[in-house]
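Keep in mind that the numbers below use all heavy atoms, side chains included, and drop hydrogens, waters and symmetry copies. Note that this is a predicted model, so its numbers are computed, not measured.
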Amino acid sequence: MKRELKPLPFPEFVTLLALMISMVAMAIDIMLPALGIIGQDLRVSDPNDTQLVVSSLFAGFAVGQMFAGPLSDSIGRKMTIYIGYVIFITGCVISVTAVSLDAMLVGRVLQGLGAAAPRVITVAIVRDSHQGRAMARIMSIIMAVFILVPAIAPAIGQGLIMIAGWHGTFYFLITMAVIGLVWFWFRQPETLPEAARKPFSGARILLGIKEICGYRMSVGYALSAGCVFGAFVGYLSTAQQVFQTTYALGTLFPLYFGMAALAIGSASICNSRIVMRFGMRLLSRRALIALTVMSGAFLVPTLLSGGIPPLWMFMVWLLGTFFCIGMLFGNFNALAMEPLGHMAGLGAALIGSVSTLLALPLGWLIGFLYDGTVLPLVGGFAVLGLISFGLMTWTERGRASE
């Protein structure tokens with residue numbers, strides 16, 4: 001006889017979902033201090049190739065988002081998350097036993113593919129169980145915890161590397177996933193009853209893509225978000241090299257990385273408090289202009305200093321730029337979703353996939369151009385910020401003429 005689970009107490013519910021939603025960020029950021037060591041152990045000839053350890057996870061995550069939401073609508077939230085955790089853990093096992101970069105990347109793609117389920121479906125679970133202000137309250141608390149993860153993950157990774165080498169980071173991820181899986185299995189009830197489920201259909205996904213392509217708002221803001229996210233992926237891919245090679249900060253890398261992550265978090269909190277007053281479009285436009293102008297202006301001292309400006313100057317630019325990114329991420333996604341209220345679950349999955357798939361080659365290009373200086377990174381933010389602004393302008397002009 002199947003045991004009926006009772007709804008979790010509020011503190012436990014929020015804590016469990018925060019753990020699940022943070023798995024993607026942890027899987028990315030905990031690895032950053034280990035990239036150089038992984039490259040050495042796996043005999044990677046080009047140091048820039050180790051950046052693929054980051055971008056390959058995003059590739060799996062982009063594909064996973066597209067299918068996780070529709071699959072959970074068909075077989076239930078819990079079963080889909082079980083599948084996601086199993087795939088993620090399998091990917092970690094492949095990576096921790098890898099003796100070549102190719103094997104490592106296969107494991108990382110599987111990690112991204114599996115992590116998409118807890119990341120995407122967590123929001124669906126909250127939506128199934130709560131609505132209105134109650135849902136907003138829960139998501140605010142969950143995201144507050146999520147914001148802290150990028151700030152502390154590199155420090156955790158650095159500590160694990162000192163104790164157990166780069167393999168320790170994957171053992172940590174496996175442990176985290178097992179705890180999340182067991183906790184979720186035994187404590188969280190299914191939130192989507194069988195009567196409310198829909199058959200899984202590839203045709204439904206294709207029809208959803210076709211419909212989304214018909215909305216200028218969704219396409220324009222998904223592409224705008226993808227450009228900004230591409231610059232951010234470029235930063236994530238090169239952060240270890242910039243801080244530990246270009247600026248020779250060694251074990252201080254997690255501290256500086258965490259400062260930048262907190263700039264995004266503080267911007268997200270600020271945005272949540274003022275967006276109702278000023279609106280998503282105004283805030284997004286001003287943040288995008290500020291990001292582009294700051295990056296374009298910073299190219300001057302970067303070029304004059306041979307591509308390596310003083311660290312304090314680089315950090316001032318980075319913190320300002322990341323504050324703008326924190327304003328843009330949530331607003332761009334919300335704007336892209338505006339016409340898709342009737343297909344929110346599938347729409348969110350597809351918008352996330354499109355922006356991530358666009359960001360990957362852009363971020364890879366920035367990382368590939370890394371030459372020991374910060375010039376490719378700063379230039380990447382300036383150019384992609386300008387392109388994103390052009391896409392936003394195109395989107396809004398089309399909207400005004402409709």
Side-chain angles (χ1 to χ4, degrees), residues 28-29 31-40 44-55 150-151 153-155 157-158 161 166 227-264 267 288-326 359 361-388:
I28 295 167
D29 297 335
M31 300 303 305
L32 298 180
L35 293 182
I37 304 172
I38 289 174
Q40 293 173 9
V44 178
S45 56
D46 186 347
N48 285 353
D49 286 346
T50 59
Q51 299 169 9
L52 295 172
V53 174
V54 174
S55 56
Q158 189 78 60
I161 293 167
W166 62 265
C227 288
V228 175
F229 191 35
F232 184 69
V233 171
Y235 165 76
L236 288 178
S237 299
T238 59
Q240 178 266 331
Q241 291 167 294
V242 166
F243 286 115
Q244 292 189 325
T245 302
T246 303
Y247 287 106
L249 292 176
T251 56
L252 291 177
F253 161 58
L255 174 63
Y256 285 86
F257 185 90
M259 289 170 59
L262 289 177
I264 295 179
L288 196 50
I289 290 173
L291 180 151
T292 305
V293 171
M294 281 191 297
S295 299
F298 190 54
L299 279 173
V300 176
T302 300
L303 287 167
L304 291 175
S305 58
I308 308 177
L311 178 60
W312 69 267
M313 191 179 293
F314 174 75
M315 289 303 298
V316 169
W317 167 78
L318 190 66
L319 293 175
T321 300
F322 274 32
F323 188 87
C324 295
I325 287 177
L362 297 174
W364 174 85
L365 178 60
I366 292 173
F368 176 78
L369 293 174
Y370 174 77
D371 56 358
T373 75
V374 299
L375 186 59
L377 181 63
V378 177
F381 271 97
V383 171
L384 292 178
L386 187 61
I387 294 173
S388 181

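In terms of modelled atom types and a separation under 3.5 Å, the side chain of Q244 and the main chain of L249 share no donor-acceptor contact. A distance-only check finds a donor-acceptor pair linking the side chain of S295 to the backbone of L291 [under 3.5 Å].
Contact record, C324 with M294: SG-CE, 3.7 Å, taken as the closest heavy-atom pair. Closest approach of A151 to A261, counting heavy atoms only: N-CB, 3.8 Å. Between S45 and P47, the shortest heavy-atom contact is O-CD, 3.5 Å. Between G39 and T50, the shortest heavy-atom distance links the atoms CA-CG2, 3.4 Å. When all heavy atoms are compared, the tightest approach of S388 to C227 is CB-CB, 3.9 Å. A231 and G380 get closest at one heavy-atom pair: CB-O, 4.5 Å.
Contact check for V233 versus L362: no side-chain heavy atoms found under the 4.5 Å cut-off. A 4.5 Å side-chain heavy-atom check between Q51 and T238 finds at least one atom pair inside the cut-off. A heavy-atom distance below 4.5 Å is not found between the side chains of T321 and V378. Side-chain atoms of V242 and Y256, non-hydrogen and from C-beta on, never get closer than 4.5 Å to each other. Counting only heavy atoms from C-beta outward, the side chains of L32 and F243 never approach each other to under 4.5 Å. Side-chain contact between L52 and W364: present, with at least one pair of heavy atoms (C-beta onward) separated by less than 4.5 Å. Under the 4.5 Å side-chain criterion, counting only non-hydrogen atoms from C-beta, L236 is in contact with D29. A 4.5 Å side-chain heavy-atom check between L377 and I366 finds at least one atom pair inside the cut-off.
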Run the numbers on I38 and M31 for side chain to side chain contact (heavy atoms under 4.5 Å, CB included), then give the verdict.
CA-CA 9 Å; I38 289 174; M31 300 303 305; 3.6 Å; yes

Checking side chain to side chain contact (heavy atoms under 4.5 Å, CB included) for the pair Q241/N48: CA distance, chi angles, key distance, verdict?
CA-CA 9 Å; Q241 291 167 294; N48 285 353; 3.0 Å; yes

Could you give me the CA-CA distance, side-chain angles and deciding distance for L384 and V228, then say whether side chain to side chain contact (heavy atoms under 4.5 Å, CB included) is met?
CA-CA 6 Å; L384 292 178; V228 175; over 6 Å; no

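Of the residues W317, F257, F232, the one that meets the ring pair (Phe, Tyr, Trp, His ring centres under 6.0 Å) test with F322 is F232.
In this structure, D371 CG and T246 OG1 are separated by 8.0 Å, a value rounded to the nearest 0.5 Å. In this structure, L288 CG and I387 CD1 are separated by 11.0 Å, a value rounded to the nearest 0.5 Å.
A donor and an acceptor atom, one from each side chain of S237 and Y370, are nowhere located under 3.5 Å apart.
Taking the six-membered ring for Trp and the full ring otherwise, the centers of Y247 and F314 sit less than 6.0 Å from each other.
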